[in-house]
A.B. asks: 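The structure is given below, and queries will be raised subsequently.
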Amino acid sequence: MAEQILILDFGSQYTQLIARRVRELNVYCEIHPYNHIPEILSCYKGVILSGSPCSVRDAGAPDVDLVLFKGIPVLGVCYGAQLIAHKSGGTVLPSQIREYGRARLTKVDHHNELLKEISLDSQVWMSHADTIESLPPSYEIIASTPSVKVAAFKLIGQKLYGIQFHPEVTHTLEGKNLLRNFVVNIC
């Protein structure tokens, strides 16, 4: 099997667009429902966890065992990021200020391989009702906006990332750079 990226769909309206953007980078990818993960994971060089209309705090919310992807780079997008934070012991709460639309990154860790070529004050697209209030000590914040402290994070010493914004939409002006950093450089 060819090297590829696995995209787990949690019901996001943007899942197909994530796949399109990955394919535009000449990287093969497959979309699978979060509850039907392929048995053979060795051909996957990375995993992207999609967004969702659900909240990780809801009973019966879509879930996945992150241990399945040990040793494989993972990028959580919106709900995917919230799921990683929640399952790792972080706090996910309803947003005091719901972000729907354009936002600006006011903090960017340019030393982080996911955020290389992402400008300070870069425009990103937010679409979420929950926010990551806090992360466990083993995680670090790598990007913020004026109203979202945890716009992006990384598990220290591993290739596990979460972003609260949507790099796949054109309103995230440098989203293609971020996706390239993940699927080409990191994976």
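Remember, it's a predicted structure, so these values are computed and weren't measured experimentally.
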A.B. asks: Would you confirm whether Ser144, through its side chain, and Lys149, through its main-chain N or O, come within 3.5 Å as a donor-acceptor pair?
C.D. replies: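 The answer is yes, because a donor-acceptor pair under 3.5 Å joins these two groups.
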A.B. asks: Between Gln164 and Thr131, what is the shortest heavy-atom contact and its length?
C.D. replies: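 Heavy-atom minimum between the residues: OE1-CA, 4.5 Å.
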A.B. asks: Can you tell me how far apart NE2 (His111) and CD1 (Ile142) are? Round to the nearest 0.5 Å.
C.D. replies: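 It comes to 12.5 Å.
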A.B. asks: To the closest 0.5 Å, what do you measure between CG (Asn112) and CZ (Phe153)?
C.D. replies: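 With rounding to 0.5 Å, CG (Asn112) is 12.0 Å from CZ (Phe153).
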A.B. asks: May I ask whether Leu17 and Leu178 are part of the same hydrophobic cluster, defined by side-chain heavy atoms of I, L, V, M, F, W, Y residues being less than 4.5 angstrom apart, directly or through others?
C.D. replies: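 Unlinked, Leu17 and Leu178 end up in two clusters.
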A.B. asks: When rounded to the nearest 0.5 angstrom, what is the spacing between CD in Glu30 and CD in Gln4?
C.D. replies: 4.0 Å
A.B. asks: With respect to Ile31, which candidate in Ile18, Ile48, Thr15, Val22 satisfies the side-chain contact (heavy atoms from CB on, under 4.5 Å) definition?
C.D. replies: Thr15
A.B. asks: Identify the two heavy atoms, one from Ala152 and one from Ile163, that lie closest to each other, and give their separation to 0.1 Å.
C.D. replies: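 Taking every non-hydrogen atom into account, CB-CG2, 3.8 Å.
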A.B. asks: Ignoring hydrogens and geometry, is there a side-chain-to-backbone donor-acceptor pair from Gln82 to Ile132 under 3.5 Å?
C.D. replies: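 No, Gln82 side chain to Ile132 backbone: no donor-acceptor pair under 3.5 Å.
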A.B. asks: Taking it one step at a time, do Tyr28 and Val183 satisfy side-chain contact (heavy atoms from CB on, under 4.5 Å)?
C.D. replies: CA-CA 10 Å; Tyr28 182 81; Val183 302; over 6 Å; no
A.B. asks: Near Arg23 CZ, under 6.0 Å, is it more than 12 heavy atoms from other residues, nucleotides or ligands?
C.D. replies: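 Result for CZ/Arg23: enclosed.
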A.B. asks: Quick check: is Tyr14 connected to Leu25 through a chain of hydrophobic side chains (ILVMFWY, heavy atoms under 4.5 Å apart)?
C.D. replies: no
A.B. asks: State, yes or no, whether a side-chain contact exists between Leu49 and Leu66 at a heavy-atom distance under 4.5 Å.
C.D. replies: yes
A.B. asks: Between Leu93 and Asp130, is there a side-chain heavy-atom distance shorter than 4.5 Å?
C.D. replies: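 When only atoms from C-beta onward are counted, Leu93 and Asp130 do not touch, as no gap falls below 4.5 Å.
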A.B. asks: Run the side-chain contact (heavy atoms from CB on, under 4.5 Å) check on His110 and Leu115 step by step: do they pass?
C.D. replies: CA-CA 6 Å; His110 292 110; Leu115 300 179; 5.6 Å; no
A.B. asks: Side-chain heavy atoms nearer than 4.5 Å, only ILVMFWY residues, links allowed to pass through others: does that put Phe182 and Val169 together?
C.D. replies: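 Per the 4.5 Å side-chain linkage, Phe182 and Val169 are not co-clustered.
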A.B. asks: Do the charged groups of Asp63 and Lys87 touch, with an N to O distance under 4.0 Å?
C.D. replies: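 So Asp63 pairs with Lys87 through a salt bridge.
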A.B. asks: Measuring from atom CZ of Arg21 to atom SG of Cys29, what distance do you get when rounded to the nearest 0.5 angstrom?
C.D. replies: 12.0 Å
A.B. asks: Do Val77 and His166 come within less than 4.5 Å of each other through their side chains, counting heavy atoms only?
C.D. replies: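 They are in contact (side-chain heavy atoms under 4.5 Å apart), so the answer is yes.
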A.B. asks: So, Ser119 and Glu174: side-chain donor and acceptor under 3.5 Å apart, yes or no?
C.D. replies: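 Yes, a side-chain donor-acceptor pair sits under 3.5 Å.
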A.B. asks: Look only at the side chain of Ser88 and the backbone of Ile84, and say whether a donor-acceptor pair between them is shorter than 3.5 Å.
C.D. replies: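 A pair under 3.5 Å: yes.
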A.B. asks: Are Tyr161 and Glu113 linked by a side-chain donor-acceptor pair shorter than 3.5 Å?
C.D. replies: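 Indeed, the side chains of Tyr161 and Glu113 share at least one donor-acceptor pair under 3.5 Å.
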A.B. asks: If I compare all heavy atoms of Pro73 with all of Ile186, which pair ends up nearest, and what's the gap?
C.D. replies: CB-CG2, 3.9 Å
A.B. asks: Heavy-atom distance under 4.5 Å between the side chains of Leu114 and Leu75, does that happen here?
C.D. replies: yes
A.B. asks: Say whether Ser12 and Ser50, considering side chains only, have a donor N or O and an acceptor N or O under 3.5 Å apart.
C.D. replies: no
A.B. asks: Nearest 0.5 Å please: distance from the CD1 atom of Ile72 over to the CG atom of Leu6.
C.D. replies: 8.0 Å
A.B. asks: Taking Arg102 for its side chain and Trp125 for its backbone only, find out whether a donor-acceptor pair lies under 3.5 Å.
C.D. replies: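 No; judged by distance alone, with no hydrogens or angles, the pair does not exist.
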A.B. asks: How long is the straight-line distance from CG of Leu160 back to NZ of Lys154, given to the nearest 0.5 Å?
C.D. replies: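 Here the interatomic distance stands at 8.0 Å.
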A.B. asks: Do you know which two heavy atoms are closest between Gly162 and Ala81, and how far apart they sit?
C.D. replies: CA-CB, 3.6 Å
A.B. asks: Can you check whether Gly11's main-chain N or O pairs, donor with acceptor, with Tyr79's side chain at less than 3.5 Å?
C.D. replies: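 No; zero donor-acceptor contacts below 3.5 Å.
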A.B. asks: Do the side chains of Val64 and Phe10 get nearer than 4.5 Å, heavy atoms only?
C.D. replies: yes
A.B. asks: Which atom names give the shortest non-hydrogen contact between Val108 and Leu105, and what distance separates them?
C.D. replies: CG2-CB, 3.7 Å
A.B. asks: Would Lys107 and Ile141 count as a side-chain contact (heavy atoms from CB on, under 4.5 Å) here? Give the steps.
C.D. replies: CA-CA 9 Å; Lys107 175 190 173 194; Ile141 297 170; 3.9 Å; yes
A.B. asks: Please name the pair of heavy atoms, one in Cys78 and one in Gly51, separated by the smallest distance, quoted to 0.1 Å.
C.D. replies: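 Heavy atoms only, the tightest pair is CB-CA, 4.3 Å.
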A.B. asks: For the residue pair Ser138 and Ile156, establish whether any side-chain heavy-atom pair is separated by less than 4.5 Å.
C.D. replies: no
